[in-house]
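The chain is numbered in sequence order, starting from 1. This is a predicted model, so every value here is computed, not measured. Both counts, for ligands and for their atoms, begin at 1 and track the order of listing. The figures here come from the full heavy-atom set of this structure, side chains too, leaving out hydrogens, waters and symmetry mates.
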Amino acid sequence: MRTVFPTDAFRQLTTPFYYYDTDLLRATIRTIQEEVSKHAGFCVHYAVKANANPRLLNIIGQSGLGADCVSGGEILAALGAGIPKHRIVYAGVGKSDWEINLGLDKNIFCFNVESIAELEVLNELAAHKEKTARVALRINPDVKAHTHAKITTGLAENKFGIALCDMDEAVRAAMAMEHIDLVGLHFHIGSQILRMDDFAALCNRVNDLQRHLEQNKVKIEHINVGGGLGIDYNYPDKLPIPDFKSYFATYARHLELREGQTLHFELGRSIVGQCGSLITRVLYVKQGVAKQFAIVDGSMTELIRPALYQAYHQIENLQDEGAMETYDVVGPVCESSDVFAKAVDLRHVKRGDLLAIRSAGAYGESMASCYNCRKLPPSYLTEDL
Ligand SMILES: *Cc1c(COP(=O)(O)O)cnc(C)c1O
């Protein structure tokens, strides 16, 4: 299921723009649903922060997946895309009162709560409305994921979640609160994780915690293991649909679910990452002292991952001719970090060539900014061109 770019149609369009291969997106979602259906009680929530493009969100909403939101705006976006409220979970270390009230008014499935301070506010706001908030405590499992430091979240000391050593106190607090219904435990160890043993390590930790809670007569309806399944940035066409079979099988094998318990996943990158590309035009080729620069009209304002995480994205010259040469591909923004890639091999680049920066479907458009007074770029789907 390789993405085939409609290059002739692209030539008529103003760059930069995002291109989304919706055939690939739909095939990815179908694969998830096939794999999930093999395991009783598994539910997938799409992590809206990966890409909140309304048309993609509609496709995802129509497919029946739930949503994982990290802000009130995302809850509204998910509802707007037809994702039912009983499939919406809401996480975030800093929930504003209006966001909590929105979640309460909409009766979402669960608040993933990250501190005792937040529990107290949630209890108070729910009391005002004479409601009970369904809560999962986000516990920091202290499991190290093999990924970039800026995207691991599961270590002991972290702004996210409740430390393991504080779990019992948080559980006691939640159970004592009149307007809080403690229904779940939530975890998320990081993003762009490709080693199944990292997820297995999380399962082992969850099993220990469940046994510990049961000894204290605490019963939990559901476990939420977050997201984090990675994609292949080096070879986007090799496995455009991530290995969901192994991913879900790892949880089925290692996580000891109790009778009637459901297991929730919050997948972002692995759902939308490979379907998106940033299409940009070459403005100039500048001969440097020891290298040559392909200066393009796209920048870190459309795709910040290389600048923010030193992330690698494969780049292709869509003009399929000419010998391979080595370039630094850079954007026009006034920051030295506005570099898409250093020393990459591309077919001979000239002014006007279109480049596809691959695997940009996740954390591309959703992190776009207007720095340098740039405009937010448009997006096109397969069915548009
Ligand atoms: C970002 C995030 C996710 C999604 O992560 P991916 O790596 O995109 O799958 C899921 N859950 C939480 C709590 C998150 O913060």
Side-chain angles (χ1 to χ4, degrees), residues 25 28-29 32 36 43-53 56-57 60 65-71 73-75 77-78 87-95 99 103 108-115 118 135-141 143 145-155 158-162 184-196 198-199 202 206 222-233 241-244 247-248 250-251 263-276 304-305 308-309 311 359-367:
L25 175 61
T28 304
I29 296 170
I32 290 173
V36 159
C43 313
V44 174
H45 306 260
Y46 168 62
V48 175
K49 76 175 192 277
N51 193 324
N53 179 300
L56 297 188
L57 217 45
I60 292 164
L65 295 185
D68 161 43
C69 301
V70 293
S71 71
E74 286 190 0
I75 294 175
R87 295 212 179 104
I88 294 180
V89 295
Y90 175 25
V93 274
K95 300 178 179 81
E99 295 177 302
I108 59 169
F109 173 66
C110 192
F111 289 85
N112 293 333
V113 168
E114 311 216 8
S115 63
E118 182 192 334
V135 162
L137 293 177
R138 177 170 180 174
I139 307 296
N140 241 318
V143 168
H146 296 85
T147 183
H148 193 283
K150 286 195 182 131
I151 50 178
T152 91
T153 53
L155 292 174
N158 201 297
K159 81 165 186 176
F160 298 106
I162 296 165
L185 288 182
H186 176 238
F187 307 87
H188 176 66
I189 55 173
S191 203
Q192 185 51 21
I193 298 166
L194 290 163
R195 289 172 55 160
M196 292 301 142
D198 288 339
F199 298 119
L202 171 62
V206 175
H222 80 256
I223 305 285
N224 182 332
V225 288
L229 177 62
I231 61 171
D232 190 342
Y233 283 98
I241 299 177
D243 186 2
F244 291 109
Y247 175 73
F248 291 117
T250 299
Y251 280 99
L263 182 60
H264 297 255
F265 300 86
E266 303 170 335
L267 295 171
R269 187 190 314 269
S270 54
I271 298 179
V272 290
Q274 294 295 26
C275 78
I304 202 174
R305 299 190 67 260
L308 192 59
Y309 311 124
S359 313
Y363 308 107
E365 187 167 359
S366 61
M367 294 177 101

Have a look at ligand 1 and work out which part of [X], if any, has a heavy atom under 4.0 Å from it: side chain, backbone, both or neither.
| X | answer |
| --- | --- |
| Phe160 | neither |
| Ala47 | side chain |
| Ile193 | neither |
| Glu266 | both |

Report the nearest protein non-hydrogen atom to [atom]: residue, atom name, distance rounded to 0.1 Å.
| atom | answer |
| --- | --- |
| atom 8 (O) of ligand 1 | Tyr363 OH, 2.6 Å |
| atom 1 (C) of ligand 1 | Lys49 NZ, 1.3 Å |
| atom 7 (O) of ligand 1 | Ser191 OG, 2.3 Å |

What atoms of ligand 1 come within less than 4.0 Å of a heavy atom belonging to [X]?
| X | answer |
| --- | --- |
| Arg269 | 6 (P), 8 (O), 9 (O) |
| Gly227 | 9 (O), 10 (C) |
| Arg138 | 13 (C) |

Looking only at distances, please establish whether an N/O atom of ligand 1 is found under 3.5 Å from an N/O atom of [X].
| X | result |
| --- | --- |
| Asp68 | yes |
| Gly268 | yes |
| Ala91 | no |

Starting from the C-alpha separation in whole Å, work towards a yes-or-no answer on ring pair (Phe, Tyr, Trp, His ring centres under 6.0 Å) for Tyr363 and Tyr309.
CA-CA 11 Å; Tyr363 308 107; Tyr309 311 124; 7.8 Å; no

Are [X] and [Y] packed together at the side-chain level, in the sense that at least one heavy-atom pair is separated by less than 4.5 angstrom?
| X | Y | value |
| --- | --- | --- |
| Val225 | Leu263 | yes |
| Ile271 | Ile32 | yes |
| Val93 | Ser115 | no |

Worked verdict on Asn112 versus Glu266 for side-chain hydrogen bond (donor to acceptor under 3.5 Å, both in side chains):
CA-CA 12 Å; Asn112 293 333; Glu266 303 170 335; 3.2 Å; yes

Kindly assign one of parallel, tilted or perpendicular to the pair Phe109 and His45, based on the angle between their ring planes and the thresholds 30° and 60°.
parallel

Please confirm whether Phe248 and Phe265 have ring centers closer than 6.0 angstrom.
yes

Gly228: heavy atom below 4.0 Å from ligand 1, yes or no?
yes

Quick one: does NZ or CZ of Lys95 land under 6.0 Å from the six-membered ring centre of Phe111, within 45 degrees of the ring axis?
no

Would you find a donor on one side and an acceptor on the other, under 3.5 Å apart, between the side chain of Glu99 and the backbone of Gly73?
no

